[in-house]
> 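Got a structure for you, questions after.
Residue numbers start from 1 in every chain, and the chains themselves are labelled A, B, ... in the order their sequence lines are given, proteins ahead of strands.
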2 protein chains.
Amino acid sequence: MARTDPARAVTLTDVARLAGVSVATASKALNGRDQVKDSTRQRVVEAAERLSFSPNALARGLLAGRTGTVGLLTSDLEGRFVLPILMGAEDAFGAGQVSVFLCDARGDAIREQYHLRALLGRRVDGLIVVGRQTDPRPSLGPDIPVPVVYAYAPSDHPDDRSLTPDNTGAGRMAVEHLVACGRTRIAHITGEHAYAAARDRAAGVRAALEAAGLELVGDVMYSEWSERWGRDATAMLLEQHPEIDAILCGSDQIARGALDMVHDLGRSVPDDVAVMGFDNWEVLTTNSRPELTSIDANLQQLGRTAAQWVFAALDGKDIGTGTQFVDPRLVIRGSTVARR
Amino acid sequence: MARTDPARAVTLTDVARLAGVSVATASKALNGRDQVKDSTRQRVVEAAERLSFSPNALARGLLAGRTGTVGLLTSDLEGRFVLPILMGAEDAFGAGQVSVFLCDARGDAIREQYHLRALLGRRVDGLIVVGRQTDPRPSLGPDIPVPVVYAYAPSDHPDDRSLTPDNTGAGRMAVEHLVACGRTRIAHITGEHAYAAARDRAAGVRAALEAAGLELVGDVMYSEWSERWGRDATAMLLEQHPEIDAILCGSDQIARGALDMVHDLGRSVPDDVAVMGFDNWEVLTTNSRPELTSIDANLQQLGRTAAQWVFAALDGKDIGTGTQFVDPRLVIRGSTVARR
DNA sequence: CTATCTTCAGAAAACCTTTTCGGCTTCTTT
DNA sequence: AAAGAAGCCGAAAAGGTTTTCTGAAGATAG
């Protein structure tokens, strides 16, 4: 920045001097305390306005013990999950009231420790820890002096408070939708078996199929979270089980691949085969032919709740322990229901 | 968080008491100042360790005038651009040295003002303002008491310091690559004409074609940044100009649509038609058939430089004014060059 | 007119760390 | 042994705000 003078920031003392009062009175006037005559208050407010005074949050925080800041410690490099959560948290806090420190540990425990120290040194009021998978992650331990909420990836310690998408419920919800659409011969292609998200969704799928008196066509097909796998798996599937009328994919990426391959093999979506995915990643779901039905994990909601918990804990309320699940949301598009 | 007592945070006084020295000595011992006997220093360090003392950055910042925090003020809702920039900034600062406040104004000027006040109140050492388009954005004005660097979207005020991708150069680079691949009948489909990014890339495309003694096939086709438009435009293009041997798309999304349509119309990529995009958005480029050649805007580099500028300005160095352009980078994949 | 009450303003302490400077102890030198 | 030097440590101030408490002035009642 080129056009600023590095002049000292304006302090409450300056305001008080201009208004002809003491700093104590100025403080009370600006903070709406009583014990200040109206005319005096007005003088102070005008002085503050004129100097465009903004109180030093460090000094305030030093005294109050609260800083109005929250740390968001993430390992989610790509930001697919952390951003909706960040936005939800900002919503819950209210713009300008609370500021969020965002730190990316890049999946590195050492770096996470560095960031953690820095955040605690800066006296954040609370912490939200966001993982990049839904598998449990190591707890930060019991000695963190501020409330901690684990989001997306739950903590592996039962005494911590965690919030994670209900993937089992999501799997169930997906199958219920397909069944409601009249599909009976359903297959499931998903990502790496190492991911709890994949296994949980598959479990939900099985449960819902059983409840509907149906059987999965073929086995659950685990491999990688990519379009390529979606294409390859779909090709195999349609060859071995030509009777299939729905392919449920473990992610929108896989679903995009499936869509392509179904199309290539001369079948129509959704008339011959319905396709759906998980995550509701808009750039993928709303640009395909046809648009892709998907299960949204409600991450923004998750972020809002996490933030609310942090604040509730700060206010001394008991937010409990253990892992709570966030309900998913079905977003119906043209890949399962023919457009009117 | 359930398993913490809300006990007062441990302060330097506690450490000093445990070590049997004064706070002054404790401070010097922990900060590597001399005038402390080695044995004393060791006692203090051990005491600090034992109490897991972490110095209060607020008090430190209050005194030093520097807080070791930087504000990242963004309007980039989706985070496509802001996250690489954030990561670059973190890299430049070094993990734990500097923490970043991330604020999302959601394109709302009022909200931006709120966040700005909050950031200045928290005494950030500097600001990076990230827009969501490369069109110039309103300056924050000359009265910000800390260094400001505008990233991605430059400021509309010539006295500010801005850093933005070189889209003209990117357009040129793309055409040069296609020409180097032996393509001579090149068309250009791009996004909304209202975006400077679209116009600048088109300008670079024209310049490079002229330099190569070639002409664009058809007009530059402006519409929206979507796969759908990529498909539709490609269909029109191939019908009107069947001789086309390369389609340069203004974004990877458009390019994905183009790829699909070329494929549908029975032509092969890259043998009959080369396709390429801009942005190098990996989820799109590395999952298509074939993988998509793209121009990467080097956003992480941009973020690193922006951060370095903020710090240079803090150190009193002159970082100049005006807009500097960041060089793009060509990422070659299978959509322009047949795989070996 | 005095005594009590109310209203409002200011002084001072507190929050926690860093730095400067004075002073005490120990060692060296003559 | 005395004087000077060097090495260490601690007291105090500074940074900006909030809060509590004291005190002064004006208002009301007796």
> Given C:dT19, D:dG16, C:dA12, which nucleotide is nearest the side-chain atoms of A:Ala24?
C:dA12
> Rounded to whole Å, how long is the line connecting atom CG of A:Asn56 with atom P of C:dC15?
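Going from A:Asn56 (CG) to C:dC15 (P), I get 18 Å.
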> Which atoms form the tightest heavy-atom contact between B:Val98 and B:Val70, and what is the distance?
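Scanning both residues, the minimum pair turns out to be CG1-CG2, 3.9 Å.
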> If I take atom CZ in residue B:Phe53 and atom P in nucleotide C:dT18, what distance separates them, rounded to the nearest angstrom?
7 Å
> Look at A:Arg41 together with A:Glu46 and state whether they make a salt bridge at an N to O cut-off of under 4.0 Å.
no
> In whole Å, I'd like the distance from the CZ atom of B:Arg33 to the P atom of C:dT17.
15 Å
> Does a donor on one side chain and an acceptor on the other come within less than 3.5 Å for B:Thr321 and B:Asp159?
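Their side chains do not contain a donor-acceptor pair, so the 3.5 Å distance test is not met.
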> What is the distance, to the nearest angstrom, from the CD atom on B:Gln35 to the P atom on C:dT19?
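In whole Å, C:dT19 P and B:Gln35 CD are 12 Å from each other.
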> Round to the nearest Å and state the distance from A:Arg122 atom CZ to C:dC16 atom C1'.
16 Å
> Taking for each residue the nucleotide of DNA chain C bearing the nearest heavy atom, is the 5' side occupied by B:Thr25 or by A:Lys28?
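Looking at DNA chain C, the more 5' nearest nucleotide goes with A:Lys28.
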> Nearest to the side chain of A:Lys37, heavy atoms from C-beta on, is which of D:dT19, D:dT17, C:dA9?
C:dA9
> B:Thr40 side chain N/O closer than 4.0 Å to the phosphate oxygens (OP1, OP2) of D:dC8?
no
> Would you say A:Asn31 has more than 12 foreign heavy atoms packed within less than 6.0 Å of its CG?
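Correct, the count exceeds 12.
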> Atom CZ of B:Arg66 to atom P of C:dT18: distance rounded to whole Å?
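After rounding, the gap between these two atoms is 16 Å.
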> Just so I know, are the side chains of A:Thr69 and B:Arg122 near enough to count as touching, which here means a heavy-atom distance under 4.5 Å?
yes
> Expressed in angstrom and rounded to an integer, what is the separation of B:Gln42 atom CD from D:dC8 atom P?
14 Å
> Distance check needed: C:dT20 C1' versus B:Leu63 CG, whole Å only.
12 Å
> On DNA chain D, nearest-nucleotide positions of B:Arg43 versus B:Arg60: which is more 5'?
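Final value for this comparison: B:Arg43.
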> Which nucleotide, D:dG15, D:dT17, C:dT19, lies nearest any side-chain atom of B:Leu62?
D:dG15
> If each of A:Ser27 and B:Asp38 is mapped to the nucleotide of DNA chain D with the nearest heavy atom, which maps nearer the 5' terminus, i.e. the 5' end?
B:Asp38
> Can a side chain N or O of B:Asn31 be found less than 4.0 Å away from OP1 or OP2 on C:dT18?
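Yes, within the criterion.
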